[in-house]
Amino acid sequence: MPDKLIVSTSPHILGCDLTPKVMWSVIGALIPAAIASVIIFGMPSVKIMAVAVFTCVACEALIQKLTGRAVTIHDGSAALTGLLLAFNLSSNVPFWIPLVGGIFAIALVKHAFGGLGANVFNPALAARAFLLASWPTHMTAFTRPFAADAVTSATPLMMFKEGKVGTLVEMGISYWDLFLGRRGGCLGEVCIIALVCGAAYLLWKRYIWWQTPFSFILTTGSLCWIFGARGYFQGDFLFSILSGGLILGAFFMATDYVTTPLAHTGQVFFGVGCGVLTFLIRKFGGYPEGVSYSILIMNAFVPLIDRYVKPKIYGTAKAVKG
Amino acid sequence: MLALEEHKHHTEHKPIERLPVPVKVYLPLSQHLGKPCLSLVKVGEIVREGQKIADAQAHVSSPIHSSINGVVCAIQDWPHPVLGRSKAIVIEHKRDGEGAKVIEARSQEEVNLLTVEAIRQIVSEAGIVGMGGASFPTFIKLTPPKPVDTLIINGAECEPYLTADYRLMIEKTKEVMQGIDLAKKCLGVTQVVIAIEDNKPEAIRIFRELIGDSGYGVRVLKSSYPQGGEKQLVKNLLGKEVPSGKLPFAVGVVVHNVATICAIYEAVYCRKPLYERVVTVTGSCITEPKNLLVPLGTPLKALLEYCGPFSSEPAKVITGGPMMGIAQYSLDAPVIKSTNGIICFSEDQVRTSEAATCIRCGRCVEQCPVGLMPCLINLASSKEKWDLSKTYGAMECMECGLCNYTCPQKINLVQNIKQAKERCKK
């Protein structure tokens, strides 16, 4: 008979979906889109992703070492931030853009607020916003892939915003091009099919939930359709969801655990809020693309959503107000 | 609710075996919810199997009976599987003592003549309490304060590893059916629902066969945890919610566990008080997992020894299921009325917890069967903001452990919520 027994509170068994497994799975789900970006934009894409991931991981390790905390780079969250940051950059940026962005994301947005679990804003998106405000020319110069002359060109949304063209045909691309990623844009956002495959895997594994991405995409698409440039209910639903960073943002950034609401009902509110803001920015704002700003703005509303949108407690009339 | 890894295959096909009479039994004076009993025996006194040795002192209490023939050799402090330590009557087995009094069973005619009040009296005197874990005195649950319409028989057994109820349902189906008749008579209900999870096909088949035209219904539930929680059953079967802080009586429902129902049968038909029960002994360290019929008061050690030498040294031994069971500090602790299983985990199965921070993934919120936000209660609790944890609904927590189970950061949510509940009570 054993003479010493371990005593602890229940439960005595645990599930196996631990944080590192979830984070690395999300990175795995982004691999198809990463490969697609290399195919579409070539070696610059590899360089940018490598610099961003390395910077984020190294920065996290350094900060944790300096502050005397356990180094947690193995959990994959810093690497994920780096990859998502790279996905939000143009293939034309110089190498120091992902470097500065990675440091900003990890040091200021994540660790200054207390590290994993405590940050208010999505680190990758906040870094993108910072870079866009600081070096707008670098951040908005895109290459049109597979073009004979590899010159910089506008993204479809930019062309649309400028009002030069109104339809896909006038832009000289098809929905199929949008789906495969044959268009100008950020590294990770262009190849929709790769993103959707990764997202489907995460949904199936229940590492992300449908509430946020679906409400986000449907809201943006519907509003763009209803308030189309050529009249009510004349907008292009498919174009609005395929042409920018919406798919990347909705499935991989608006589903970030730390910076989004806890309850599924709250996540619907979050998604709808993101959708409305994206539409407003695209329609009335100065930028052609509104996904990253809308997510960042909604990040700030998360504490409020968590406070007022709670699940109903069993046996009580309604949720307890906190 | 979540489908957990079941681990029931180790014992689900093993018929109930009777454990040989142990050398000594240790019968704690508190084996139920409510006031502890008062001992009726003195050291040196000879007692018979089934003799009442301690009596209830209050309405919410339940008498205790000797589980073997023997001599009272001490009344002393002893490890208790739930309370840590408590006073227990120690009885040493005497082979040459006077044998168990031959008790004549009641015939069906005699039982039919029993009034409702008489049945309740028998159940109360037999020391029957809820055997699913809560140990609430059963006669109270047979005495509704206002008319009720539905009796739910809980055969869900949703905790992984445990198969004691399953074996009972297969091997004592007729007895359970007769016990249901008695409970139905006491409660005056019109509807009887036997709830069984779909991972117990044999029990479902036998009950369906035996039901005939009795008007009872078998409801097959998806096997998921915590399907067998009393309040979850009421909601999933009847679509009603038991109001916070109330018993299912409030919505006209009574829930009894199958083992309890079987004990009612034995008390009324066989005049046998509750002094033995079925216990599943299992876990990776056990060479021969078994379902054992055990005299109450038998030390856990005796059950483990009976199941062969350990295949590996257990690092943690728990009574009850792995989700809500209690880790034991001593294997001298006895089997009591609510002990439905003993599970031995080896060192590598024991979860270790580091001080992790919440990453707000929302899994605990998604899974909580009560609709709480466990991570927020945990946060309030860790900052010792007890009032805040109360406003988040800490007191409603049923401690099913699902939040803790799904947490990717392995945060001790249940422990912290339990602490908040204790502080809020003060």
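Numbered from 1 within each chain, the chains take letters A, B, ... in sequence-line order.
- By the 4.5 Å heavy-atom criterion applied to side chains, A/Leu14 and B/Lys410 are counted as neighbours.
- Note: B/Pro322 leads B/Ser244, B/Pro322, B/Gly325 in heavy-atom pairs under 4.5 Å with chain A.
- If you take CD1 on B/Ile359 and CE on A/Met23, they are separated by 4.5 Å, rounding to the nearest 0.5 Å.
- Looking at B/Glu5, there are no atoms closer than 4.5 Å to chain A (heavy atoms on both sides), in backbone or side chain.
- Only the side chain of B/Phe310 comes within contact range of chain A, with heavy atoms under 4.5 Å apart.
- The distance from atom CD of A/Gln267 to atom CD of B/Glu366, rounded to the nearest 0.5 Å, is 8.5 Å.
- For B/Met373, the part lying under 4.5 angstrom from a heavy atom of chain A is the side chain only.
- Contact between B/Asn404 and A/Ser10 at its shortest, heavy atoms only, is OD1-O, 4.0 Å.
- A/Tyr314 is not listed as a side-chain neighbour of B/Met398, based on a closest heavy-atom distance of 4.5 Å or more.
- For chain B, the nearby part of A/Thr260 is the backbone; its heavy atoms alone come within less than 4.5 Å.
- For the pair B/Arg360/A/Val302, a side-chain contact is recorded, criterion being any heavy-atom separation below 4.5 Å from C-beta on.
- Of the atoms belonging to B/Val370, heavy atoms from both backbone and side chain fall under 4.5 Å from chain A.
- Residues B/Gln349 and A/His12 have side chains not in contact (no heavy-atom distance under 4.5 Å, counting atoms from C-beta outward).
- Proximity to chain A is limited to the side chain of B/Pro160, based on heavy atoms less than 4.5 angstrom apart.
- Looking at heavy atoms from C-beta onward, B/Lys316 lies in side-chain contact with A/Ser8 at the 4.5 angstrom threshold.
- What you find for A/Pro311 and B/Val365 is that their closest heavy atoms are CG-CG1, 3.8 Å.
- Heavy-atom pairs under 4.5 Å with chain B peak, among A/Gly15, A/Pro20, A/Gly117, at A/Gly15.
- Annotation: B/Asp332, atom CG; neighbour count of heavy atoms from other residues, nucleotides and ligands within 6.0 Å is above 12.
- Using a 4.5 Å cut-off on side-chain heavy atoms (C-beta onward), B/Cys361 and A/Val22 make no contact.
- Both the backbone and the side chain of B/Lys231 come within contact range of chain A, judged by heavy atoms closer than 4.5 Å.
- For a residue to count as touching a neighbouring chain, one of its non-hydrogen atoms must lie under 4.5 Å from one of that chain's; by this rule A/Val258 touches chain B with backbone and side chain alike.
- Summarising the local packing, CD of B/Glu305 is surrounded by more than 12 heavy atoms from other residues, nucleotides or ligands at distances under 6.0 Å.
- Distance CG/A/Leu262 to SG/B/Cys375: 4.5 Å, rounded to 0.5 Å.
- The contact between B/Leu376 and chain A is made entirely by side chain atoms (from C-beta outward), counting heavy-atom distances below 4.5 Å.
- Residues B/Ser330 and A/Leu5 share a closest heavy-atom pair of N-CD1, 4.3 Å.
- Listed here is the closest heavy atom pair of B/Leu331 and A/Pro2: CD1-CD, 3.9 Å.
- In plain terms, the two heavy atoms of A/Asp17 and B/Pro408 that are nearest each other are O-CB, 3.2 Å.
- With rounding to the nearest 0.5 Å, the separation of CG in A/Leu116 from CD in B/Gln409 is 6.0 Å.
- Considering only heavy atoms from C-beta on, A/Ile13 comes within 4.5 Å of B/Phe345 through its side chain.
- Only the side chain of B/Glu313 comes within contact range of chain A, with heavy atoms under 4.5 Å apart.
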